[in-house]
Q: 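Below: one structure in structure tokens.
These figures come from a predicted structure and were not determined experimentally.
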Amino acid sequence: MMAGGLPFYVVIPARFASTRFPGKVLVNIHGKPMIQHVYERAVASGAKAVWVATDDARVEEAAAAFGAQVCMTSPEHQSGSDRLAETAEKLGWADDEIVINVQGDEPLLPPANIAQVAENIARYSVNMATLYTRIESDSDVANTNLVKVVTDRNGYALYFSRSVIPHRRDSESDVPVYYRHIGIYGFRVGYLKRFSVLEQAPLERIEKLEQLRALWHGERIHVAQARQEPGPGVDTREDLEKLLRNYTAKALENY
């Protein structure tokens with residue numbers, strides 16, 4: 001029930017009204033709604049409890065049908081972390097508890113990666129942590145749906161962007177290594193509560209990346225290479241069609 005003896009919670013923010021793909025958390029993937037695939041991976045991570053946080057009765061009904069605990073949250077939230085903070089407040093979690101935000105559109109997120117984020121919060125004594133993987137193709141580097149991250153020498157985030165970072169100015173420069181940020185965050189609950197009421201950063205509003213709020217206000221975010229390579233997330237209908245083509249039900253279950 002724990003990652004290396006470390007207890008943690010998982011919350012899956014699940015908004016029905018996704019801008020790019022409305023209703024995507026409930027799309028059918030080989031006989032199960034996508035949110036169920038994500039939930040089962042979160043349970044397998046060793047979390048002491050997994051909650052689905054939503055503002056939509058359709059998501060609540062679907063999640064309850066496969067046995068998930070559901071926390072109904074405000075429809076006014078602008079980000080998943082804001083929904084997470086309300087869940088932690090409602091459930092009375094202590095400030096020193098660790099909670100992992102697992103996005104509801106990551107049906108191929110390895111459970112080991114969820115546990116890794118919790119372990120890194122404790123290991124590096126930070127309030128916030130996340131993961132990355134290497135980007136291997138030029139098309140992925142240019143894809144604005146894939147968020148890139150650069151870090152300092154100790155693994156703390158310098159910046160996240162939908163743009164190509166770092167930019168290679170000329171042909172004589174070293175060929176950069178590009179890192180894709182995986183959409184998973186870990187928080188200490190006390191910091192999560194503070195984070196949710198911080199003023200949004202201008203960069204956050206421009207890039208539509210909530211982690212930039214933390215950097216803007218001076219918080220360190222630890223970023224580690226993921227223990228296992230995650231499968232593709234589902235940002236668009238095209239992503240869903242590609243996933244269904246490339247992964248059978250058995251392949252998805254055994255990934």
Side-chain angles (χ1 to χ4, degrees), residues 3 8-47 50-54 59 62-63 66 68 79-81 83-84 87 99-118 120 128-135 140 143-149 160 162 179-187 208-211 223-247 249 251-255:
F8 62 97
Y9 295 101
V10 172
V11 176
I12 306 168
R15 190 167 64 97
F16 187 88
S18 169
T19 303
R20 286 175 290 184
F21 188 172
K24 70 176 176 178
V25 295
L26 297 185
V27 295
N28 187 304
I29 299 178
H30 299 310
K32 298 178 184 178
M34 180 158 62
I35 188 70
Q36 183 174 353
H37 288 282
V38 178
Y39 175 82
E40 290 171 354
R41 288 177 175 273
V43 170
S45 73
V50 179
W51 288 78
V52 173
T54 188
V59 177
F66 60 78
S79 71
S81 294
R83 204 171 300 283
L84 216 70
T87 301
V99 58
I100 311 301
N101 179 343
V102 173
Q103 294 187 3
D105 58 3
E106 295 282 349
L108 286 168
L109 181 66
N113 291 355
I114 300 172
Q116 181 185 5
V117 174
N120 285 349
M128 191 171 176
T130 188
L131 301 175
Y132 71 82
T133 60
R134 288 185 62 152
I135 299 176
D140 282 348
N143 185 348
T144 57
N145 287 323
L146 297 183
V147 177
K148 275 66 71 176
V149 60
F160 299 83
R162 297 183 184 279
Y179 296 118
R180 171 199 168 196
H181 173 231
I182 301 172
I184 179 173
Y185 302 98
F187 296 91
K208 299 297 186 285
L209 297 174
E210 61 184 320
Q211 62 269 43
V223 191
Q225 184 162 13
R227 191 169 286 162
Q228 292 180 219
E229 185 74 22
V234 179
D235 288 309
T236 64
R237 293 184 189 278
E238 291 73 24
D239 291 337
L240 175 63
E241 292 165 3
K242 185 176 180 181
L243 185 147
L244 292 172
R245 285 196 307 270
N246 294 339
Y247 294 88
L252 195 71
E253 183 177 330
N254 294 332
Y255 186 84

Q: For Glu238, give me all partners under side chain to side chain contact (heavy atoms under 4.5 Å, CB included), at least two apart in sequence or on another chain.
A: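 By the side chain to side chain contact (heavy atoms under 4.5 Å, CB included) rule, Glu238 matches Thr236.
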
Q: For a quick test of reading the model, state the closest non-hydrogen atom pair linking Leu108 to Pro232 and the distance between them.
A: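 For Leu108 versus Pro232, the nearest heavy atoms are CD1-CD, 3.6 Å.
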
Q: Nearest 0.5 Å, please: how far is CD1 in Ile29 from CG in Leu240?
A: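 Going from CG on Leu240 over to CD1 on Ile29, the span is 5.5 Å.
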
Q: By salt bridge (Lys or Arg N to Asp or Glu O under 4.0 Å), which residues pair with Arg237, not counting sequence neighbours?
A: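 Arg237 satisfies salt bridge (Lys or Arg N to Asp or Glu O under 4.0 Å) with no residue once adjacent residues are dropped.
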
Q: Distance from Gln36 atom CD to Asn28 atom CG, nearest 0.5 Å?
A: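 It comes to 10.0 Å.
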
Q: Please confirm whether the backbone N or O of Arg227 pairs with a side-chain atom of Gln116, one donor and one acceptor, at under 3.5 Å?
A: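 Yes, because the side chain of Gln116 sits within donor-acceptor range (under 3.5 Å) of the backbone of Arg227.
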
Q: Do Leu209 and Val147 have side chains that approach each other closer than 4.5 Å (heavy atoms only, starting at C-beta)?
A: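 Yes, at least one pair of side-chain atoms sits under 4.5 Å.
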
Q: Please check: side-chain N/O of Lys148 versus main-chain N/O of Arg162, any donor-acceptor pairing under 3.5 Å?
A: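 It does hold such a pair.
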
Q: Do His30 side-chain atoms and Leu252 backbone N/O form a donor-acceptor pair below 3.5 Å?
A: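 Pair absent, no side-chain N/O of His30 close to backbone of Leu252.
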
Q: According to the interplanar angle, ranging from 0 to 90°, do the rings of Tyr132 and Tyr179 count as parallel (below 30°), tilted (30 to 60°) or perpendicular (above 60°)?
A: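 Geometry flag for Tyr179 against Tyr132: tilted rings.
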
Q: Could you tell me if the side chain of Val234 sits less than 4.5 Å from the side chain of Leu243, heavy atoms only?
A: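 Yes, close enough: below the 4.5 Å cut-off.
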
Q: Identify the heavy atoms of Pro230 and Leu109 that sit nearest to each other, and give their distance.
A: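 Taking Pro230 first and Leu109 second, the nearest heavy atoms are CB-CD1, 4.4 Å.
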
Q: Can you check whether Leu131 reaches Gln225 side chain to side chain, under 4.5 Å on heavy atoms?
A: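 Answer no - side chains too far apart.
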
Q: Short question: side chain of Arg41, backbone of Pro107 - any donor-acceptor pair under 3.5 Å?
A: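 Yes; judged by distance alone, with no hydrogens or angles, the pair exists.
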
Q: Roughly how far, to the nearest 0.5 Å, is the OH atom of Tyr255 from the NE2 atom of His37?
A: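 Between His37 NE2 and Tyr255 OH, I get 15.0 Å after rounding to 0.5 Å.
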
Q: Report yes or no: does Thr130 contribute a side-chain atom to a donor-acceptor pair with the main-chain N or O of Ile184 at less than 3.5 Å?
A: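 A pair under 3.5 Å: yes.
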
Q: Distance from Glu229 atom CD to Arg134 atom CZ, nearest 0.5 Å?
A: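 Spacing of CD (Glu229) from CZ (Arg134) equals 10.5 Å.
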
Q: Can you name the side chain to side chain contact (heavy atoms under 4.5 Å, CB included) partners of Arg83, sequence neighbours left out?
A: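 Partners of Arg83 under the side chain to side chain contact (heavy atoms under 4.5 Å, CB included) test: Pro13, Arg15, Ala53, Asp55, Thr73, His77.
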
Q: Might you point out which heavy atoms bring Asn101 and Leu84 nearest each other, and give the distance in Å?
A: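 For Asn101 and Leu84, the tightest heavy-atom pair comes out as CB-CD2, 3.6 Å.
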
Q: With sequence neighbours left out, write down each residue that passes ring-ring contact (aromatic ring centres under 6.0 Å, His included) with His181, or none if nothing qualifies.
A: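 Per chain and number, His181 pairs via ring-ring contact (aromatic ring centres under 6.0 Å, His included) with Phe160, Tyr185.
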
Q: With side chains defined as the heavy atoms from C-beta onward, is the minimum distance between Leu26 and Phe16 less than 4.5 Å?
A: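 Side chain of Leu26 against side chain of Phe16, heavy atoms only: contact under 4.5 Å found.
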
Q: Could you report the tightest heavy-atom contact between Ala47 and Tyr9, atom names first, then the distance?
A: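 In this case the closest contact between Ala47 and Tyr9 is CB-C, 4.5 Å.
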
Q: Check step by step if side chain to side chain contact (heavy atoms under 4.5 Å, CB included) holds for Ile114 and Phe8.
A: CA-CA 10 Å; Ile114 300 172; Phe8 62 97; 4.0 Å; yes

Q: With rounding to the nearest 0.5 Å, note down the distance linking CD1 in Ile12 to CD1 in Ile100.
A: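 That separation rounds to 12.0 Å.
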
Q: Just how far is it from atom CE of Met128 to atom OG of Ser81, taken to the nearest 0.5 Å?
A: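 These two atoms lie 6.0 Å from each other.
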
Q: If I compare all heavy atoms of Gly104 with all of Val25, which pair ends up nearest, and what's the gap?
A: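 For Gly104 and Val25, the tightest heavy-atom pair comes out as O-CG1, 4.0 Å.
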
Q: How would you list, by chain and number, every residue that makes a salt bridge (Lys or Arg N to Asp or Glu O under 4.0 Å) with Lys32, sequence neighbours excluded?
A: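 Lys32 satisfies salt bridge (Lys or Arg N to Asp or Glu O under 4.0 Å) with Glu40 only.
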
Q: So do the side chains of Val10 and Tyr39 get within less than 4.5 Å of each other, counting heavy atoms only?
A: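 No - every pair of side-chain heavy atoms lies 4.5 Å or more apart.
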
Q: How far apart are the closest heavy atoms of Ser45 and Pro111, and which atoms are they?
A: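 Looking at all heavy atoms of both residues, the shortest contact is CB-O, 3.4 Å.
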
Q: With sequence neighbours left out, which residue pairs that include part of residues 102-114 fulfil the side-chain hydrogen bond (donor to acceptor under 3.5 Å, both in side chains) condition?
A: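 Of all non-adjacent pairs touching residues 102-114, those that pass side-chain hydrogen bond (donor to acceptor under 3.5 Å, both in side chains) are Lys24-Asp105.
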
